[in-house]
There are 2 protein chains.
Amino acid sequence: MMQKNIDCEKCFESPDVIFTKLTPEQLNFVRERHSCAHYKKNDIIFKEEDEPIGLLVLCEGKVKVFREGVGRREQIVRMVKPFGLMGFRALFAEENHIATAMALEDTVLCIIDKDDLMKLIRENSDFAIGLIRSLASDLGFSNRRTVALTQKHIRGRLAESILFLKETYGLEDDDSTIKIYLSREDIANLSNMTTSNAIRTLSTFSSEGVISINGRKIKILDIKKLERISSLG
Amino acid sequence: MMQKNIDCEKCFESPDVIFTKLTPEQLNFVRERHSCAHYKKNDIIFKEEDEPIGLLVLCEGKVKVFREGVGRREQIVRMVKPFGLMGFRALFAEENHIATAMALEDTVLCIIDKDDLMKLIRENSDFAIGLIRSLASDLGFSNRRTVALTQKHIRGRLAESILFLKETYGLEDDDSTIKIYLSREDIANLSNMTTSNAIRTLSTFSSEGVISINGRKIKILDIKKLERISSLG
DNA sequence: GAGATTTTATGCTAAAAAACATAATTAGAA
DNA sequence: TTCTAATTATGTTTTTTAGCATAAAATCTC
């Protein structure tokens with residue numbers, strides 16, 4: 001328990017986290033009232049049909065949020081990075097979760113339960129605006145993504161996903177390796193294609209010198225070309 | 001100008017509109033400060049890259065919101081019915097509009113400019129929560145839709161769209177005709193398919209006795225079968 | 001109301017992507 | 001470590017859907 005609270009500490013101090021909108025008193029309230037949860041790789045954080053419990057702030061780790069569609073085939077609808085918000089959309093839409101969140105690596109979450117969350121929203125409009133902003137950005141992302149996934153061809157969709165992963169998680173010190181290691185299946189589920197097509201197209205990109213692959217490590221070799229492939233569909 | 005304000009009146013009085021969250025003083029403020037805009041069928045309300053001006057409340061009419069993708073092909077991301085909210089997502093995401101809104105029939109909008117909107121959010125947390133709720137519902141819709149449009153086959157996508165139109169706009173007095181008349185092209189753009197496939201699949205549904213078509217009027221004859229087609233993909 | 005334009009309808013062909021099959025490789029468990 | 005299971009790789013076939021063509025019907029414009 002002691003350990004737990006220490007693990008969330010960095011998330012109260014980050015300049016990127018929604019908690020920066022809180023007054024010192026409110027931040028103390030959150031420090032006292034929050035709970036902290038730890039997940040190992042592949043652990044499920046919440047799943048479709050679960051009841052939402054409040055606001056989840058990702059302190060550490062990486063998370064995929066996906067929805068199961070036809071024949072249990074999963075489509076990743078969101079990738080979360082540290083200080084991103086999760087789990088509160090369903091609360092406000094007054095429904096159960098419509099997607100499943102799974103840890104892609106060891107993950108630490110800071111949890112604000114729904115009553116505490118409502119209290120903060122009611123007494124601090126900047127905090128409320130922060131939540132509005134988060135939903136507004138996610139909705140923009142989702143709308144753009146719907147069109148890209150439905151209209152672009154396989155190469156365009158995969159190129160877009162690679163660029164998206166780079167934007168979201170950044171690059172390692174070599175300035176070219178994307179800082180996330182996904183299975184080909186996850187890459188396929190992100191890009192709306194079968195696993196074999198993801199594998200095939202990745203190796204085509206590699207043979208074209210656009211990327212290089214080493215197991216699950218993807219290096220971007222020619223970002224201009226990747227952007228061209230992505231935008232031409 | 002006089003005329004204009006009268007046209008928005010019904011929207012201040014509806015039990016479904018976000019203005020119900022306002023205090024009487026705030027409602028008066030809105031009555032004084034709002035502006036009212038009229039659009040004819042096919043008029044553009046805002047388009048991609050336009051700067052957002054505030055909150056738009058649809059008082060009367062029907063609106064499609066679409067995004068242009070590969071080869072200017074449009075994908076409808078939202079259909080708006082009276083008392084639905086529009087145009088404020090981009091404001092909070094701090095970006096320009098990423099989609100175009102077009103009137104599908106003669107339409108009346110109530111416009112709250114962004115400074116007035118911010119004032120209302122800051123002084124009334126129920127109003128802020130109403131906006132959060134609207135975005136949260138839209139985001140859920142968008143995520144569900146992304147998966148349906150990418151994973152379902154043509155028949156499933158079209159069946160889903162027909163059911164969605166029925167849910168959104170309701171039925172006429174005969175209890176079977178959907179209360180919106182869209183071109184085959186719009187139906188195609190809603191369902192992620194080419195116009196010819198929309199036409200073809202609609203006439204297949206008709207010959208199977210699932211629906212009947214009379215020009216742009218669609219009657220649902222066998223809703224159970226339609227639901228089955230939609231859910232099986 | 002005649003002519004032009006748009007929308008709807010249907011058939012045919014081509015392209016894209018899924019499905020399937022079979023290895024090779026890698027990672028995980030006993 | 002060795003065996004097993006999962007992941008990655010690649011070739012082939014089949015299905016789905018887009019693209020194109022043509023014509024009929026409906027709508028708009030002058």
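Residue numbers begin at 1 in each chain, while the letters A, B, ... track the order of the sequences. Every heavy atom of this structure was used, including side-chain atoms; hydrogens, water molecules and symmetry mates were not.
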Taking NZ, NE, NH1 and NH2 as the nitrogens, is one of them in [X] or [Y] under 4.0 Å from a carboxylate oxygen of the other?
| X | Y | value |
| --- | --- | --- |
| B:R89 | B:D138 | no |
| A:E208 | A:K225 | no |
| B:K224 | B:E227 | yes |
| A:E74 | A:K64 | yes |

Rounded to whole Å, how long is the line connecting atom [atom1] of [X] with atom [atom2] of [N]?
| X | N | atom1 | atom2 | answer |
| --- | --- | --- | --- | --- |
| B:Y181 | D:dA26 | OH | C1' | 17 Å |
| B:N189 | C:dT7 | CG | P | 12 Å |
| A:H153 | D:dT17 | NE2 | P | 13 Å |
| A:E185 | D:dT8 | CD | P | 8 Å |
| B:I154 | D:dT15 | CD1 | C1' | 12 Å |

Min side-chain heavy-atom separation B:R144-A:R67 under 4.5 Å: yes

task: With axes from five pairs an end, tell me the bend angle of the helix from C:dG1-D:dC30 to C:dA30-D:dT1, nearest 10°.
output: 60°

Is the shortest side-chain N/O distance from [X] to OP1 or OP2 of [N] below 4.0 Å?
| X | N | result |
| --- | --- | --- |
| A:R157 | C:dA17 | yes |
| A:R155 | C:dA16 | no |
| A:T194 | C:dA18 | yes |

- prompt: CG of B:D173: more than 12 outside heavy atoms within 6.0 angstrom?
  reply: no

message: Does either side chain, that of B:R73 or that of B:N192, offer a donor lying less than 3.5 Å from an acceptor on the other one?
response: yes

Please tabulate, one pair per line, each protein N/O and nucleotide N/O from nucleotides 9-13 of chain D that are separated by under 3.5 Å, including the distance.
{"unit_1": "D:dA9", "atom_1": "OP2", "unit_2": "A:R184", "atom_2": "NE", "d": "3.0"}
{"unit_1": "D:dA9", "atom_1": "OP2", "unit_2": "A:R184", "atom_2": "NH2", "d": "3.1"}
{"unit_1": "D:dT10", "atom_1": "OP2", "unit_2": "A:S203", "atom_2": "OG", "d": "3.4"}
{"unit_1": "D:dG11", "atom_1": "N7", "unit_2": "A:R200", "atom_2": "NH1", "d": "3.2"}
{"unit_1": "D:dG11", "atom_1": "O6", "unit_2": "A:R200", "atom_2": "NH2", "d": "3.2"}

- request: Please step through salt bridge (Lys or Arg N to Asp or Glu O under 4.0 Å) for the pair B:K47 and B:D50, ending with a clear verdict.
  value: CA-CA 6 Å; B:K47 59 178 198 296; B:D50 280 357; 3.7 Å; yes

